[in-house]
Amino acid sequence: MTFTAGREAFHADTRITGERLHAEIKAIAAETRWGLGGCHVGRLAGVGPTADAACAPAGSFLCPCNHKPLRRMVDGVWQAHWILEIHLVDEDRDFGGSYTGLLNLA
């Protein structure tokens, strides 16, 4: 449900930023009584999944500090494609899970 709602938010707004999509997914997770288990909810295709979002350019992750539109050219050469990585946690019950999939190509 959270992944589908995140994808729908992406497709509903052609100017959505990483900051805005992160906020949408965080709100959706909270509505279902989950928290986010990481500082981002996805990444630019080509950025390693283990990359430290704090050290990478903000425009490479779906995070609060990415103010760039997600639909854009990268390095002026290729269309940005995104991987949605949602890590949900239930801190009260001490467990969580994750889902990863293509955001804008599927």
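Under the 3.5 Å distance criterion, the side-chain polar atoms of Asn66 are matched with a main-chain donor or acceptor of Lys68. A donor-acceptor contact shorter than 3.5 Å is absent between the side chain of Arg15 and the backbone of Leu70. Listed for the Asp90 side chain is no donor-acceptor partner under 3.5 Å among the backbone atoms of Phe95. The closest donor-acceptor contact from the side chain of Asn104 to the backbone of Trp82 lies under 3.5 Å. For Arg20 (side chain) and Thr17 (main-chain N/O), no donor-acceptor pair under 3.5 Å exists by modelled atom type.
Taking every heavy atom of both residues into account, Cys63 and His40 meet most closely at CB-CB, 4.1 Å. The minimum heavy-atom distance between Ile16 and Arg71, with the atom names listed, is CG2-NH1, 4.0 Å. Counting all heavy atoms, side chain and backbone alike, Cys39 lies closest to Pro64 at O-CD, 3.8 Å. Summarising the geometry of Leu88 relative to Ala29, their closest heavy-atom pair is CD2-CB, 3.7 Å, with the distance given to 0.1 Å. In terms of heavy atoms, His87 sits closest to Ser98 at ND1-CB, 3.2 Å.
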Decide yes or no on side-chain contact (heavy atoms from CB on, under 4.5 Å) for Leu36 and Val41, but give the supporting numbers first.
CA-CA 8 Å; Leu36 294 181; Val41 294; 3.8 Å; yes

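Between Tyr99 and Trp34, the ring centre distance reaches or exceeds 6.0 Å.
Hydrophobic clustering (side-chain heavy atoms under 4.5 Å, transitive across Ile, Leu, Val, Met, Phe, Trp, Tyr) keeps Val89 apart from Ile28.
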